[in-house]
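Have a look at the structure below before the remarks.
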Amino acid sequence: MRARVTVSVAVAATIALGTAGCGFMTPQSTTEHYDASDGVSVTVGKVDVRNAILFTDDGESARFVATLVNNSDSRKVVTIQAKGKNSDETDVTVPANSSLDLAKDSDAVVFDRLGSKAGVLTRVFFTYPSAEGASIRVPVLTGALEEYKTLLPTPSSTATVPATDPTLTPAPYTDATPSESATPAAG
């Protein structure tokens, strides 16, 4: 009788171990970080860069879109440098213990001299004071997909007028209506 119980316990343990072995030996995919979108991610010190993508239509001007997550108790001024044909960089401030969504127009980051056409991967470098920088290869995409059309860089609505050419200086602002200021020439 005792041998039967021992054999039964051994068989039950073998079956339990055999059926649970796959889950025991295989890592859970839910614990592994992966990029669920078209963008890529990297961590720089206490700042996580998530879902980084560059959008362009002409290969020169490109909008950088990502979410920056600051996991520290102090604000971080992150330098983002695109390594296309011409090096272009900008600084963004991420408040302490919060995130910054660069897909919002108010926080738009545009590189004017990217020099990388859509369809390639362009190296982008991230750093801030006291952190070792990191770089990743960021995909360059177009606005061909409907959900990306609003993420393309927009042309500047204001033009810079050189102060050295007085003929290009805009006229001073007046409150005059067109009928008051536009009088026909006598003659």
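All heavy atoms count here, side chains included; hydrogens, waters and symmetry mates do not. None of the values given here were measured: they were computed from a predicted structure. Residues: numbered from 1 along the sequence shown.
Atoms CG and CG, from Asn51 and Leu102 in turn, are 11.0 Å apart once rounded to the nearest 0.5 Å. Expressed to the nearest 0.5 Å, how far CG of Leu114 lies from CG of Leu54 amounts to 5.5 Å.
Pairs of residues two or more places apart, or lying in two chains, that qualify as ring pair (Phe, Tyr, Trp, His ring centres under 6.0 Å) and include a residue from residues 104-141 are Phe64-Phe126.
In this structure, Val40 is not a member of the same hydrophobic cluster as Phe55, with clusters built from ILVMFWY side-chain heavy atoms closer than 4.5 Å. Val120 and Ile80 fall within a single hydrophobic cluster, where Ile, Leu, Val, Met, Phe, Trp and Tyr are joined by side-chain heavy atoms under 4.5 Å apart, directly or via other members. Val110 and Leu100 fall into different hydrophobic clusters, where Ile, Leu, Val, Met, Phe, Trp and Tyr are joined by side-chain heavy atoms under 4.5 Å apart, directly or via other members.
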Donor-acceptor pairs under 3.5 Å, side chain of residues 137-152 to any protein atom, not counting sequence neighbours: which ones?
unit_1	atom_1	unit_2	atom_2	d
Thr142	OG1	Ala144	N	3.2
Tyr148	OH	Asp38	OD2	2.4

Side-chain donor-acceptor distances from residues 66-76 under 3.5 Å, at least two apart:
unit_1	atom_1	unit_2	atom_2	d
Asn70	OD1	Ser72	N	2.9
Asn70	OD1	Ser72	OG	2.8
Asn70	ND2	Ser74	O	2.9
Asn70	ND2	Val94	O	3.1
Asn70	ND2	Pro95	O	3.2
Asn71	ND2	Lys46	O	3.4
Asn71	ND2	Asp48	OD2	2.9
Ser72	OG	Ser74	N	3.4
Ser72	OG	Ser74	O	2.9
Asp73	OD1	Asn97	ND2	2.9
Ser74	OG	Lys76	NZ	3.2

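Checked against side-chain hydrogen bond (donor to acceptor under 3.5 Å, both in side chains), Asp58 has the following partners two or more places apart in sequence or in another chain: Thr56. Applying the side-chain hydrogen bond (donor to acceptor under 3.5 Å, both in side chains) rule to Ser135 yields the partners Arg123; only residues at least two apart in sequence or on another chain are considered. The side chain to side chain contact (heavy atoms under 4.5 Å, CB included) check on Ala134 picks up Val42, Val44, with sequence neighbours excluded.
The two residues Gly115 and Glu60 have their closest heavy-atom pair at CA-OE2, 3.5 Å. In terms of heavy-atom proximity, Ile53 sits nearest to Gly39 at CG1-CA, 3.4 Å.
Side-chain contact check for Lys117 versus Asp57: every heavy-atom pair is 4.5 Å or farther apart.
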